[in-house]
Each structure stands twice: as C-alpha cells, then as structure tokens.
Amino acid sequence: MKCRQGGFWLSLIVSASIVCLAPGTAGAQEETTLKFWTFLDPNKNGPRESAWAQIIKTFEDEHPGIKIQPEIFPWNEISSKLIVSVSAGRGPDVTLVETNLRQTLARGNILAPLDEYIETWDAGALDDFYHPQERVYDGKTYALNMWSNGSALFYRKDLFDEAGLEPPRSMDEFTTAAKALTVDTDGDGKIDQWGFAEGIARSQPFAHRFLFPLIWASGETIIGPDGKATFNSPAGVKAVQSFVDLVKVHEAMPPDVVNLTYDERLQGFMAGKYAMAIEGMHRYERTQTSPVIEGKVGLVPIPGWSVDKPAPTPVTGWDIGIGATSENKEAAWEFLSHALSYESQLLNAEVAGQVPARKSVAEDAFFESEEGENLKFILDYIATASSEFPQATNLDLLIELFNLAIQEAILRDVSVQQALDNAASKYNRSL
Amino acid sequence: MKPYILRQKLRHGILFLTLSGITVLMLLPFIWVIITSLKPESQVYVFPPEWVPSPVTLENYQAVWASNMPLYLFNSTIVAVGSIILTLIVSIHAAYAVSRFKFRGMNVFMFLLIASHMIPGVANLVPTYLLASKMNLLDTYIVLILVYSMWQTPLVVWLIQGFLQNVPQSLDKAAMVDGYSRLGAMYRVVVPLSKPGLAAAAIVVFVYAWNEFVIALTLTSSDEMRLAQVGLKYYISQFGIQWGELTAAVVLSTIPVLLLFILLQKWFIYGLTSGAMKG
C-alpha cells in the first residue's frame, strides 16, 4: 500500500514538473530574448532611431513573452560581422541586411530561408512589396525589404532660376545645364562652381549610381544571366562616354573627380561647389543642414536619353532577415512580420522619412501632405522606373573595376570601349 | 664671426626651418580637425573654408560628452593599460631569456617570433572569434587584452631584448653573488636599468590597442563594452557624416595618447634609438 502511495506522489511530482518546465505553457512562461542587429540605436534621439524604438515597443507590448535586445554596429560592418559570428554559431536572431549583399549572405548560409513562414501570410501578400522576386536565391527567399533608398538628381533651384534653366529631363538637357552652371564666380580665372560632380576615387567610387541607370535606360544590363559582366556593351560605352565628355569635352565637371570620394562630393554639393549631384534620398535631410543650400535643393528623376523617359532610379536600402543560427526563429519571424506590417512601415515613413517597402503604404494620405512630399516623389519614381543593383558574385569588385575604367578613360589616352573591355575581362576572370 | 661658425649657423637655420615646415605640414590635418570641432555644424560646409571658427562653439564637445563616448574612452583605457601590463610581463621574461641564454635554434625561434607578427590580424579573425566564443570570453575586456597582448608580444620581445643586451651581464652576476636568484637579479637590477626600453614598448602597445578597430568590433557587441575607435565609426553613418561631433570625439580620443607620449617622450626616443637598433 505504502509503495502504491509513494508511486502516486512520485508521478504527481513528475507530472507537475513536466507541466511547469514545459516551454510556452501558462504555468511558467519563459521570456524569449531576440538579438536584433541594427545600425540604428533605438536609445538615441534621431528620427530613424525613434521610429525603431516605437516599432520595438509596440512589438513588446503585443508580445509580452518576447524581448528585443538591439545590438548596434556601424552600418557598413554588419555584413562582415554577420559572416564571422554566424560561422561561429553565434549570430543574431533578426538582422538588418544590406540589400546589395543579401545574395552573398544567402549563398554563405548566413541567413535562414523565410519561405515556410511567408506561407503563413495571406496569398499574394508578397506582391505588396517592391521587387520581391529580387529576394529569391536558389528558389528560396532569405530576406524581405524593410525600406528602400532611391536616388534622384539633386539640383540647386536658385542657380537654375538665375541661369533661366529648367531642371533637366534628358542627358542633352543635363549637359547643357551642367555647362551653363560651370562658372568663375569671382573673376579670378578659376572655376568656382561646377555644373556637376561625381566621385570616382578608388576608396569610395560612385559613378555607377549615375551610369548604371543610363545603361538600364538603354534596355541593357550590367551583368548577364551567366553572372558575367555586360557593362561593356554599346549602351555601357555610350553612358560612360557621356560622363568622360563632361570632364574632357564640355569641362562641366572638375578633372579632380578621379580623386574625389562619394562623401567629399556630397560635402562639395553642400558647400555650393557643385550645382547638381546624383544622390540617395536618404541623404536629403543631411543636405539641408548646410546653410549654403538649405531650402534651395530641388529633386527630379535621373535624366535618361530622352525627355519623356527618365533613367530608372537605382534602388538600394535595407532588408530584414533571420540569422541562420537563431534558436528562436518563430519568435524572430513574429518580430520581422511586425516590422514589415502596414503600421510599422507607415510609422517608419512618417517619423523617420524612410521609403516604405509596401506599395499599399504609399496610398496613405500622409504622402499627399507637405511632410510626405519628398517621399511621394521617390515612391512615384520607384513605381514608374526603378531597378535594383545586380546581385553580382562580387559586386564590390564589379563597381571598383567599372569606376576604375572611367578613371582610365579620363586620365589616359584609352578609349572608353577599351577601358570597359579590360574591366569586364578582369571581372569575368575573377569569377 | 668665423666663416665656419657662420656656415654652421646657416646650416642649422636651414635645418630648423625645414623641420619646422615639415612639422607644420604634419600637424595641419590635426589643426584642421581641432578647428572643425569648434565650429557649429552649419559652418562646417562653408566654402571657401574658414580657418577661424565664427562663432567658436563647444556644442560638439558637449554633445560628445553627453553621449557614450566617455564610456568608450574608459573601456579603451582599461584595455590599453591591461594590454601593456600583460605584454610587458610576458615580453620581459622572454626577452631576458633570449638576451642572457644561448640555446640551439635561437635565431630561428626569434625569426619565427617576428614572422608571426607579419600575419595580418584579419587572417586570424574567424579562428580567434571561434576560440573566444568557445571560452565564453566574447564581449569582455579579457578577450581584447589577451588578443592585443599576444599580437604585440613578438614585436615587444624584439624591442626589449635589443635593449637588455645593453645591460652588462656582469651586473646580473654581481647581483647573484650578493644572494639574488636569477629572477631576483632580473627584477631588481636589469629591469630598472631597462626603463627606457620598457617605456618605448609601453607606448607601442598602447598606441596599437588604442587605435585597433577590426578585432574590437568583432569581439565585442554590447554598447557597454565598445571601444573608442569603434565608437568613432558611429559618427559616419549611411545618412552622412557628423563632422562637428566626429572631430570633437577624435580630439578627445587623441588626448590620452598625447599625454602618454609627452610623459614618456624622453624614454621613448631613447629606448627606440638605443635599444631597437642593436641586437
């Protein structure tokens, strides 16, 4: 009898222990902490940071059992840190992913495929995102767009008005404006204000952001389906030649662009040295901190080859994904879904001025208001004509070789065709 | 005045002017950093650039002080000082052994030691991370101190052993005759006479640990453990560069290195010229 009673108590204790220790049961709700890698610190006061703080807070309020632990890294170091950490089995649960590198990260099994989670969404929900097909690698989706960065032609409205010029719509109009706005303002025989500039210094070259769209505008590509470079096509030569001519023929761009970096070019624009610049919309607010150009910057699409067809804006930006080593993938997906929800995307647009990833968000009344004017401009531009940078095997090398080819054509007596052929050949050999 | 004295004074004058010119050129970027740090953000972009800030403002320094940068500077100080202590402890013993004992394969050993210093740090990053991860040392002061010390030890062993060779071995023997053990002779006689060399080594380690970026970024992840060099990178965002605050933070982060160099300047130069060049 005693033995039977002992068995009863023992089984009761074991059963109670199982009930209490079982994860996710009401008896002992364990808190899950999600490591979220980002470059925007929610504890800071900037608009982008505040938007993330609100997104995290609303998520934690709705999911009392899940805490978000942001870990902050410099934006251009997240990818390399991801590779090292995930390889060692210690990656984040959720991470921001640079759009240009998502395929590299997917190929290296750094990100977890999202397909089984996406299937839980309503059918067709993915169609609400821009360029969802670009996020598929080897038949699987590894990240979803969080926000986009479109680029546009930033021009000085005051200088255009003084010169009696209209903002350019085509490359011909662009060249005419660049020449007219290249002036010696103080009469000392030296040019003080250049019509246009784009940096192609090896350390931070950026002419591709202007010239890839021109190649796309001709209906051509940067790399082919086999992954080999195609930027040395006739369309590529035409685009690069127009850039080289701005320096060598029209003298509307300073020859020192070969030593100019992307950041230095922006500072020059903010200092009033350049009348036009191709720039990402995410840097518009930054330009307005300069008293020299505050309130004087206009936005138009990047000029194409004809007045009625702008060049497609190159769309970059940030995706969001789940780390391959995450042990909390379901909870991570909950957070990812929350960050991509209509409400979070609208909040990110209203508070942080970020271009939303969902087309339905663009229909909101906010984008008709004065505050949403610039976002409306770039959303319309993206909807009309846009393309993402190619997911090349080695995009950094591709960009470097392309820009070095432009340098070569400017500095040496080498034809644009020859310089681009050399660059394409070098890139293809590296594959 | 005799012609040869005149010629000598002229030569010195030209040398002084040339060196002064080079010094000003070398200092120009740093002077520009200080000037920019004293400008309001709106004045940073004025073209042509203004050499005298108008108005002079300390708002950038206030913003940096109110941020987490002081914590990052504190972390960097802990790691740099810890690295100096550990590196010197290991290196003094190794350098003493190399300078006092002859053993088979010593030259090969010394060559391999310095050759290991030539491997780029990035090449070891993944194994280092894995090791630190397995030992649960990630995101701690200890891991940074260990990695920096091991990275600098080969160089410092070379630096100090060259210097220790200048201390006559008869002094060790005299100390041992007086009753000291071998280690006692080293600690009480040789090490005190090697202070200039140790000071030079300390500065080399400090500057390395203070400036290192990639390892610090990789082996730490929390804000509480962030080092100053990594913290500086956050002023360069995708949305633009906060030049005012960045330059103010750079000026603040330079002060400890300057102070250390000023304090140890005499020994540093003496140590480098008399120790490292021999051996």
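Here is the naming used below: chain letters follow the sequence lines, and residue numbers restart at 1 for every chain. Any value given below was found using the heavy atoms of this structure, including those in side chains, with hydrogens, waters and symmetry copies removed. Since we're looking at a predicted model, the values are computed, not measured.
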S.K.: Counting only heavy atoms not in Arg202(A) (residues, nucleotides, ligands), do more than 12 fall under 6.0 Å from its CZ?
M.R.: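 Not more than 12 within 6.0 Å, no.
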S.K.: When you look at CZ of Phe111(B), are more than 12 heavy atoms from neighbouring residues, nucleotides or ligands closer to it than 6.0 Å?
M.R.: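 No, the 6.0 Å shell around CZ holds no more than 12 heavy atoms from other groups.
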S.K.: Only heavy atoms, only distances under 4.5 angstrom. Which residues in residues 127-135 of chain B are near chain A?
M.R.: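 The stretch touches chain A at Tyr129(B), Leu130(B), Ser133(B).
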S.K.: For each of Trp318(A), Phe39(A), Trp37(A), tally heavy-atom pairs with chain B at distances under 4.5 Å, and name the one with the top tally.
M.R.: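 Max contact count across the listed options: Trp318(A).
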S.K.: Is the number of heavy atoms from other residues, nucleotides or ligands under 6.0 Å of Gln288(A) CD greater than 12?
M.R.: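 Yes, CD of Gln288(A) has more than 12 neighbouring heavy atoms, counting only those of other groups under 6.0 Å.
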S.K.: Quick check on Ile293(A) against chain B: is it the side chain, the backbone, both or neither that has a heavy atom closer than 4.5 Å?
M.R.: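 For Ile293(A), there is no contact with chain B at all, as no heavy atom is under 4.5 Å.
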S.K.: Determine whether more than 12 heavy atoms belonging to other residues, nucleotides or ligands lie under 6.0 Å from atom CG of Asn45(A).
M.R.: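 At most 12 heavy atoms, drawn from other residues, nucleotides or ligands, come within 6.0 Å of this atom.
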S.K.: To the nearest 0.5 Å, how far apart are CG in Asn68(B) and CG in Asn43(A)?
M.R.: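 Rounded to the nearest 0.5 Å, the CG-CG separation comes out at 8.5 Å.
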S.K.: Nearest heavy-atom pair of Phe73(A) and Tyr234(B): which atoms, and what distance?
M.R.: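 Nearest heavy atoms, Phe73(A) then Tyr234(B): CA-OH, 3.1 Å.
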S.K.: Applying salt bridge (charged side-chain N to carboxylate O under 4.0 Å, His left out), can you list everything that pairs with Arg90(A), at least two apart in sequence or on another chain?
M.R.: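 Testing Arg90(A) for salt bridge (charged side-chain N to carboxylate O under 4.0 Å, His left out), a comparison that skips the adjacent residues, returns none.
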S.K.: So which of Val84(A), Asp192(A), Thr287(A) has the largest heavy-atom pair count under 4.5 angstrom toward chain B?
M.R.: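 The option with the most such pairs is Val84(A).
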S.K.: Could you have a look at Glu294(A), Lys35(A), Arg48(A) and say which one has the most heavy-atom pairs with chain B under 4.5 angstrom?
M.R.: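 Maximum pair count with chain B is reached by Arg48(A).
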S.K.: What do you reckon, is CH2 of Trp32(B) surrounded by more than 12 foreign heavy atoms closer than 6.0 Å?
M.R.: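 Result for CH2/Trp32(B): enclosed.
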S.K.: Does Ile142(B) have more than 12 heavy atoms from other residues, nucleotides or ligands lying within 6.0 Å of its CD1?
M.R.: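 Incorrect, the count does not exceed 12.
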S.K.: As an exercise: rank Gln69(A), Glu71(A), Lys44(A), Glu77(A) by heavy-atom pairs under 4.5 Å with chain B and give me the winner.
M.R.: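 Going by pairs under 4.5 Å, I would pick Glu77(A).
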S.K.: Answer with side chain, backbone, both or neither: which region of Tyr284(A) has an atom nearer than 4.5 Å to a non-hydrogen atom of chain B?
M.R.: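 Contact with chain B involves no heavy atom of Tyr284(A) at all.
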S.K.: Count the heavy atoms belonging to other residues, nucleotides or ligands that lie under 6.0 Å from CH2 of Trp243(B), then report whether that count exceeds 12.
M.R.: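 No, the 6.0 Å shell around CH2 holds no more than 12 heavy atoms from other groups.
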S.K.: Select all residues of residues 266-277 of chain A having any heavy atom within less than 4.5 Å of some heavy atom of chain B, and report them by number, or 'none'.
M.R.: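 Hits under 4.5 Å: Gln267(A), Met270(A), Ala271(A), Lys273(A).
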S.K.: For atom CZ of Phe30(B), decide whether the heavy atoms of other residues, nucleotides or ligands shown that lie under 6.0 angstrom number more than 12.
M.R.: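 Yes - once you tally the heavy atoms of other residues, nucleotides and ligands closer than 6.0 Å, there are more than 12.
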S.K.: For Asn149(A), is it the side chain, the backbone, both, or neither that has a heavy atom closer than 4.5 Å to a heavy atom of chain B?
M.R.: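 The answer is the side chain of Asn149(A).
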S.K.: What parts of residues 206-233 of chain B touch chain A if we use heavy atoms and a cut-off under 4.5 Å?
M.R.: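 Result: Phe213(B), Leu217(B), Thr218(B), Leu219(B), Thr220(B), Ser221(B), Arg226(B), Lys233(B).
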